[in-house]
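Given the structure is predicted, the values throughout are model-derived calculations rather than measurements. Reminder, nothing fancy here: chain letters follow the sequence lines and each chain counts from 1.
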There are 2 protein chains.
Amino acid sequence: MFRLSKLSDYAVVVLSELGRTADGAVRNASGLATATGIAEPTVAKVLKLLASGGLVTSQRGAYGGYRLARPLSAIPIADVIAAIEGPIALTACVDGHVGSCEVECSCPVRGRWDPVNSAIRRALSEITLADMACPAWALPATARLAEPVV
Amino acid sequence: MFRLSKLSDYAVVVLSELGRTADGAVRNASGLATATGIAEPTVAKVLKLLASGGLVTSQRGAYGGYRLARPLSAIPIADVIAAIEGPIALTACVDGHVGSCEVECSCPVRGRWDPVNSAIRRALSEITLADMACPAWALPATARLAEPVV
DNA sequence: CGCAATCAGGACCAAGGCCGTCCTGATTGC
DNA sequence: GCAATCAGGACGGCCTTGGTCCTGATTGCG
């Protein structure tokens with residue numbers, strides 16, 4: 001099924017919400033949680049991962065919070081996935097664990113996933129968060145919460 | 001980590017091995033298992049999935065077996081993944097389960113993963129199993145088993 | 001200077017999916 | 001009729017993931 005982590009999905013939501021913030025202002029975790037409808041501890045976890053990945057910058061202390069390190073149009077989706085899930089690679093054979101593959105000797109595809117990996121990386125690098133934006137986000141968050149877009 | 005299923009990895013190995021078979025001949029599951037070094041029940045499972053996906057054709061009964069439905073150069077890696085893991089889609093929101101996302105109403109990215117999904121599908125459709133082939137496979141399987149290519 | 005708010009980092013547990021195996025039945029050649 | 005082989009599904013163990021919580025560090029305010 002090629003499933004993407006749920007955390008990455010949340011990360012896109014949170015980053016998009018952060019993109020709706022005025023320049024220079026910061027948003028704290030609980031505010032972002034209520035704005036997005038995601039549980040607060042989860043939002044906090046996502047924000048920490050994004051901060052350590054350099055996608056957002058944090059301001060500690062009272063009245064602290066987070067802000068985007070770059071505009072949404074400068075954040076390829078590949079960076080988000082890499083920040084949440086680690087390096088983008090399709091198979092377990094390439095993650096540096098030599099010897100972790102028990103059929104290593106006879107595995108004829110050893111290292112042959114590289115072109116596939118790079119193709120995926122390239123595809124994910126060409127799409128930015130701005131490309132995933134939606135015009136409806138110009139509305140205040142409360143309006144979106146009140147009227148489901150089903 | 002964007003992890004691909006191990007079964008898909010095995011599928012590529014098995015299909016590549018099948019590609020080394022003379023035209024018209026069939027290979028049974030146990031022979032493919034010894035040639036690839038993968039456990040036989042697992043190979044059988046992979047072959048069944050590939051057969052139902054139309055990538056290999058099966059011959060039942062005594063002296064039966066499997067053969068490729070198309071040459072390796074006509075099998076994009078996307079087909080292999082689709083046969084093993086189902087439709088290629090990154091997020092859980094797009095698999096037709098409306099209502100499965102508990103924050104559906106306020107999820108601003110709803111359906112916005114589509115461009116990402118199609119980009120990945122396109123990337124995976126442009127790489128065939130022949131592109132993942134390795135010259136060393138021209139050697140007999142026993143030679144590869146005897147001399148690890150580490 | 002003390003306090004409250006906020007982020008940083010990790011530990012922890014439950015749930016679900018995946019992997020590998022096995023069993024039974026259907027089909028085919030000898 | 002028998003043996004070989006594929007078809008399809010059931011099942012249990014292991015690992016990853018998701019979500020929560022706790023403790024400590026940092027910063028602004030009164």
Side-chain angles (χ1 to χ4, degrees), chain A residues 1-11 13-14 18 25-34 36-67 69 81 83-86 91-92 95 97 100-103, chain B residues 1-11 13-14 18 25-34 36-67 69 81 83-86 91-92 95 97 100-103:
Chain A
M1 173 95 76
F2 216 31
R3 172 152 300 177
L4 186 68
S5 156
K6 248 184 184 179
L7 272 298
S8 298
D9 199 352
Y10 293 157
V13 176
V14 169
L18 262 182
V26 295
R27 307 278 297 273
N28 62 17
S30 88
L32 288 169
T34 58
T36 57
I38 305 172
E40 177 171 342
T42 303
V43 171
K45 185 175 200 171
V46 168
L47 284 168
K48 287 172 205 167
L49 288 169
L50 293 176
S52 64
L55 296 183
V56 302
T57 60
S58 63
Q59 172 73 27
R60 294 173 76 157
Y63 294 86
Y66 295 91
R67 80 190 66 184
I81 296 176
I84 299 292
E85 315 192 21
T91 176
D95 56 1
H97 284 92
S100 66
C101 181
E102 63 283 351
V103 290
Chain B
M1 173 100 73
F2 218 29
R3 170 151 302 178
L4 186 67
S5 158
K6 249 186 185 177
L7 273 296
S8 298
D9 199 353
Y10 294 157
V13 176
V14 170
L18 262 183
V26 295
R27 306 278 298 272
N28 62 17
S30 87
L32 288 170
T34 57
T36 57
I38 307 172
E40 177 171 341
T42 303
V43 172
K45 184 174 200 171
V46 166
L47 285 168
K48 287 173 205 169
L49 287 169
L50 293 176
S52 64
L55 296 183
V56 301
T57 59
S58 63
Q59 172 73 28
R60 295 174 76 159
Y63 293 85
Y66 296 90
R67 81 189 65 182
I81 295 177
I84 299 291
E85 315 192 21
T91 175
D95 57 2
H97 285 92
S100 65
C101 180
E102 63 285 348
V103 290

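Atom P of nucleotide dT24(C) and atom NZ of K48(B) are separated by 14 Å, given to the nearest angstrom. The nearest whole Å value for the distance from the CD1 atom in I38(B) to the C1' atom in dT21(C) is 15 Å. E40(A) has its CD atom 14 Å from the P atom of dC22(D), to the nearest Å. Nucleotide dT6(C) holds its C1' atom 13 Å from the CG atom of L32(A), rounded to whole Å. Here the C1' atom of nucleotide dG8(D) and the CG atom of L49(B) are 11 Å apart, to the nearest Å. When rounded to the nearest whole Å, the span between CG of D9(A) and P of dG19(D) equals 11 Å. Put simply, CG on L50(A) is 15 Å from C1' on dG9(C), counting in whole angstrom units. Taking atom CZ of R67(B) as the reference point, atom C1' of dT5(D) lies 14 Å away to the nearest angstrom.
Among dT21(C), dA7(D), dT20(D), the nucleotide with an atom closest to any side-chain atom of Y66(B) is dA7(D).
In this structure, T42(A) reaches the dT20(D) phosphate: one of its side-chain N or O atoms is under 4.0 Å from OP1 or OP2. The phosphate of dT17(D) has neither OP1 nor OP2 within less than 4.0 Å of any side-chain N or O from Y10(A). In this model, the phosphate group of dT6(C) is not approached by any side-chain N or O of S58(A) to a distance below 4.0 Å at OP1 or OP2. OP1 or OP2 of dT6(C) has not a single side-chain nitrogen or oxygen of S30(A) nearer than 4.0 Å. Side-chain N/O atoms of S52(B) include none lying less than 4.0 angstrom from OP1 or OP2 on dA7(D).
The structure places NZ of K45(B) at 10.0 Å from CD1 of I84(B), a figure rounded to the nearest 0.5 Å. Distance check, rounded to the nearest 0.5 Å: CG of L47(B) to OH of Y66(B) gives 5.0 Å. Atom OG1 of residue T57(A) and atom CG of residue L55(A) lie 10.5 Å apart, to the nearest 0.5 angstrom. One distance of note links CG of L7(A) with OG1 of T42(A); it measures 7.5 Å at 0.5 Å rounding.
Within the 4.0 angstrom heavy-atom criterion, only backbone atoms of the sugar-phosphate kind lie near A29(B); the bases stay farther away. Looking at heavy-atom distances under 4.0 Å, A44(B) makes no contact with the nucleic acid at all. Counting non-hydrogen atoms under 4.0 angstrom, L7(A) reaches the backbone sugars and phosphates but no base.
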Distances for protein N or O near nucleotides 26-30 of chain C N or O, under 3.5 Å:
residue: dA26(C); atom: N3; partner: R60(B); partner atom: NH2; Å: 3.1
residue: dT28(C); atom: O2; partner: A62(B); partner atom: N; Å: 3.2

Give DNA chain C the dot-bracket treatment, 5' to 3': Watson-Crick (N1-N3 with N6-O4 or O6-N4) or G-U (N1-O2, O6-N3) under 3.5 Å, [ ] crossing, | other strand.
||||||||||||||||||||||||||||||
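With sequence neighbours left out, S8(A) forms a side-chain hydrogen bond (donor to acceptor under 3.5 Å, both in side chains) with E85(A).
Nearest heavy atom pair, residue Y63(B) against residue V26(B), reads O-CG2, 3.9 Å. Contact record, I38(B) with V14(B): CD1-CG2, 4.4 Å, taken as the closest heavy-atom pair. Closest heavy-atom contact between A83(B) and G53(B): CB-CA, 4.3 Å. Nearest heavy atoms, A11(A) versus V46(A): CA-CG1, 3.6 Å. In this structure, G54(B) and A69(B) approach most closely via the heavy-atom pair O-CB, 3.4 Å.
Comparing P41(B) and K45(A) against DNA chain C, the residue whose closest nucleotide sits nearer the 5' end is K45(A).
Taking only distance into account, the side chain of K6(A) never meets the base of dG18(D) through a donor-acceptor pair shorter than 3.5 Å.
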